[in-house]
Number of protein chains: 4
Amino acid sequence: MEKVKHQWAAADGGRRVRRHDPERRTRILDAALDVLVTDGAAGITHRKVAARADVPLGSVTYHFASLAALQAQAFSWYVEQRTAEFEGLFTAVRTHEDLVEVLVELVQGGPSRRRSAVLGFELHLAALRDPALRALTQKWTGDSRAVLARFTGPEVADRLDALLEGLILRALLTTEPEPREATREAIVRALTPVPGRDT
Amino acid sequence: MEKVKHQWAAADGGRRVRRHDPERRTRILDAALDVLVTDGAAGITHRKVAARADVPLGSVTYHFASLAALQAQAFSWYVEQRTAEFEGLFTAVRTHEDLVEVLVELVQGGPSRRRSAVLGFELHLAALRDPALRALTQKWTGDSRAVLARFTGPEVADRLDALLEGLILRALLTTEPEPREATREAIVRALTPVPGRDT
Amino acid sequence: MEKVKHQWAAADGGRRVRRHDPERRTRILDAALDVLVTDGAAGITHRKVAARADVPLGSVTYHFASLAALQAQAFSWYVEQRTAEFEGLFTAVRTHEDLVEVLVELVQGGPSRRRSAVLGFELHLAALRDPALRALTQKWTGDSRAVLARFTGPEVADRLDALLEGLILRALLTTEPEPREATREAIVRALTPVPGRDT
Amino acid sequence: MEKVKHQWAAADGGRRVRRHDPERRTRILDAALDVLVTDGAAGITHRKVAARADVPLGSVTYHFASLAALQAQAFSWYVEQRTAEFEGLFTAVRTHEDLVEVLVELVQGGPSRRRSAVLGFELHLAALRDPALRALTQKWTGDSRAVLARFTGPEVADRLDALLEGLILRALLTTEPEPREATREAIVRALTPVPGRDT
DNA sequence: AATGAATGAGTGTTCATTCAT
DNA sequence: TATGAATGAACACTCATTCAT
């Protein structure tokens, strides 16, 4: 029954500070995403999130009406961040070769992108059964494809997007990563327009 | 609140009969897959599986040492079936055009393949956190790629497999299905060998 | 089949009131000891303890991390009480005859000491398999012997303590209680120092 | 779900032999005692006993009407063995010094007597709540005291028996065993008759 | 506004016992 | 005679949620 003391308890001589904590909501959302990465949708609980955010249990239920609502807002927050990040990747793209390079890096990103990728698939699967989340994924994939389409046109963007999804899932699951060259080749193929059909 | 009576209870005047039921293990596995489709790996419980299989709760725990073991064996059973089905799709393929047609159908398969696709992604996501399941997915994708490689060579099979995965995931999630022609085009692109590199 | 209503339920027209109940933890510990007396370490369950303490099941699991932890803390609480009681017995001892009288009373204490004796042996047996409990029994017997040693010296205290344990166990199990005189004689024998060896 | 194969299965090409096995009942009883030593009365189950005896689960329920019956018969079997063993200890006793030596050895017996001692206390505690077992313990302690009384007379036997019980319990629980000399001294004290009162 | 004690519903799992074979 | 599949009742434990403070 020993309780973990919160970080500021000691600095305050044991009396609980009720500091205004505008970051708290966001910290809880990030903690929820962390739990989703670690334990999946099956494993998220108020208690784990509270512990991860270093926040009292009541604080989680106070800020979020239900666990489902917390999860939905966490995913929403994730999409917001990832969309911005995704857009950012393409700001420096000038040439076709730049584009390929960015996409290869997106797939091969390694551990640094693992969290992001896992959350993406977690969201996809959750959206399969939750219409509210499906609206989120629809907008997300729409936005992503729009970004790609600026460089490739809509038809190519569609198939490219699907390919990237497949490549990222593979990269996540495999023990022996695919050679960078193979990834590049797959992307180049998808980028090649069909003469007279793709724009 | 009425409990569903078991199938043989009525025929026996209400007294519970224990029937010799050699198919029971398989029926439980199928029920587990049904639950996985409906509620996901996050939502599977012994009780749901038992209800679905029309079997007492104790029967599920008797036949499977743990819920994780049940899930693993259910996924294994699913992969077995799906691998056979996958192989079967290609027995009639003679020409390049046949191959494209089969792959397009695989992606566009519609509701009939929905169950299969959902289970596939559930397995992928579960494998992310369970090494035993990861071994299963490794073998599965390896087998799938080997089948494809008989027609395309290994390099093309690899990228084709990733693309198919992405296309199927997209088909599962979208509300407005992609036109058949776009799917075909994406597949054709992936199939096209790079001159002088792909076999 | 009527469920026992909790004490405050009636006073509230049937709606469950959550009462501030700072004694609850201790009441649960006492209830756990009651159950240990009645059913033994083999028979203790969360449900029995909850019923005995007149608290909901969830309250027991809320306050104690596990049944083993509950049992350990209950035993610890018991030892604390019993040690104090044991010390108290000797405050009025002035003469050797007083000492004998107190010890005889300790053994022959009758039903009033039955609860205490049963718990003592339950603890001893449980400690046989649980190192945490063994630490508790070590300290307990150490303290008891120290109290005795104030009157007898350490060597005599040791054998006296063992004898008392045996006598109490016998008193607990027998249907025909030993005559007071026999108990006294046994104690007197143990108290008699060996010339030139015991202090 | 892998089942452990029984010992004779292999030697028989996989077909189950239904050999007449008159030792089986006894083997089950010994296994039950083993489980009682290891896990206590709280931990005995049909399955553990069956595994320990290397016998199918059904065999245990077939030979014993209930778990309580199995336990009772196991304890009965234990008392039978231990009584014989106890008697045996004294056959070679000629002098007072022999007697003391045998009793000291009984207490200090070490690991070899641990099983026996644990079972004894387990039985005592079980008898506290089960009248059928209490009959058994009554007879057992009666017999033990009668054996002792042949050397000491009844009064001394009584207090000696209690002391031995206490010493054995102590020896079981302590981490640092009592010096042999202290044990001897305690026993000698109990043996010393009170002039003019003990026979 | 914020918290954590509280609790009922539900989870995975174990198991004594029954009984068809 | 012997077995192991079968099952209902119980278990320890978790947790979303509520709400007094």
Side-chain angles (χ1 to χ4, degrees), chain A residues 1 3 6 16-21 24 42-50 55-70, chain B residues 6 16-22 24-25 43-50 55-71, chain C residues 6 15-22 24-25 43-50 55-71, chain D residues 1 3 6 16-21 24 43-50 55-70:
Chain A
M1 287 290 92
K3 298 287 170 53
H6 291 257
R16 175 59 44 79
V17 178
R18 205 167 300 188
R19 184 144 48 109
H20 185 56
D21 188 359
R24 177 164 287 196
I44 191 172
T45 70
H46 281 124
R47 282 158 178 81
K48 280 185 198 164
V49 173
V55 143
L57 171 60
S59 188
V60 178
T61 57
Y62 176 73
H63 283 90
F64 300 91
S66 74
L67 193 62
L70 168 58
Chain B
H6 289 248
R16 173 59 43 80
V17 172
R18 228 153 327 158
R19 200 169 43 145
H20 182 58
D21 189 359
R24 177 165 288 196
R25 233 187 78 94
I44 192 173
T45 71
H46 278 121
R47 283 160 179 83
K48 281 183 196 166
V49 173
V55 144
L57 171 59
S59 189
V60 177
T61 58
Y62 174 75
H63 282 284
F64 300 92
S66 72
L67 190 61
L70 169 57
Q71 198 172 334
Chain C
H6 290 249
R15 213 147 32 85
R16 174 58 45 78
V17 173
R18 229 154 326 158
R19 199 168 46 144
H20 183 57
D21 188 359
R24 178 165 288 195
R25 234 189 76 95
I44 193 174
T45 70
H46 279 122
R47 283 156 179 81
K48 283 183 194 166
V49 173
V55 296
L57 171 59
S59 189
V60 178
T61 58
Y62 174 75
H63 282 283
F64 300 92
S66 72
L67 190 61
L70 168 58
Q71 198 173 333
Chain D
M1 289 289 89
K3 299 287 170 53
H6 291 258
R16 174 60 43 81
V17 177
R18 205 167 300 188
R19 184 148 44 111
H20 186 57
D21 188 359
R24 176 163 289 194
I44 192 172
T45 70
H46 280 124
R47 282 159 178 80
K48 281 186 198 164
V49 172
V55 143
L57 170 60
S59 189
V60 178
T61 57
Y62 177 74
H63 282 92
F64 300 92
S66 72
L67 192 61
L70 168 58

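Proteins come first, then strands; the chains are lettered A, B, ... in the order of their sequence lines, and each starts at number 1. For clarity, every value in this text was computed on a predicted model and none was experimentally measured.
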Between [X] and [Y], which heavy-atom pair has the shortest distance, and what is it?
X     : Y     : result
B/K48 : B/G43 : NZ-O, 2.7 Å
C/H46 : C/S66 : NE2-C, 4.3 Å
A/L57 : A/A50 : CA-CB, 3.9 Å

Send over the distance from [X] [atom1] to [N] [atom2], rounded to a whole Å.
X     : N      : atom1 : atom2 : value
B/Q71 : E/dT13 : CD    : P     : 11 Å
B/R24 : F/dG4  : CZ    : C1'   : 14 Å
A/L57 : E/dA6  : CG    : C1'   : 11 Å
C/L67 : F/dA10 : CG    : C1'   : 14 Å
D/F64 : F/dT3  : CZ    : P     : 13 Å
D/K48 : E/dT14 : NZ    : P     : 11 Å

[N] phosphate, OP1 or OP2: any side-chain N/O from [X] under 4.0 angstrom?
X     : N      : result
D/H63 : F/dT1  : no
B/Y62 : F/dA5  : yes
B/R47 : E/dT13 : no
D/S59 : F/dA2  : no
C/H46 : F/dA10 : no

Applying the Watson-Crick and G-U wobble criteria at under 3.5 Å, what pairs with F/dA20? Answer none if nothing qualifies. E/dT3
Return the pairing partner of E/dT14 with a 3.5 Å limit on both distances, Watson-Crick or G-U wobble; otherwise return none. F/dA9
Both C/G58 and D/G43 contact DNA chain E. Taking the nearest nucleotide for each, which residue is further toward the 5' end? C/G58
I want to verify a distance call: between F/dT17, E/dT11, E/dC15, whose nearest atom is closest to the B/T61 side chain? E/dC15
Applying a 4.0 Å non-hydrogen cut-off, can you work out what D/L70 is touching in the nucleic acid: base, sugar-phosphate, or nothing? nothing
Could you walk me through whether D/L67 and D/T45 satisfy the side chain to side chain contact (heavy atoms under 4.5 Å, CB included) test, starting with their C-alpha distance in whole Å, then the side-chain angles of each, then the deciding distance to 0.1 Å, before giving a yes or no? CA-CA 7 Å; D/L67 192 61; D/T45 70; 5.5 Å; no
Minimum side-chain heavy-atom gap C/R25-C/F64 below 4.5 Å: yes
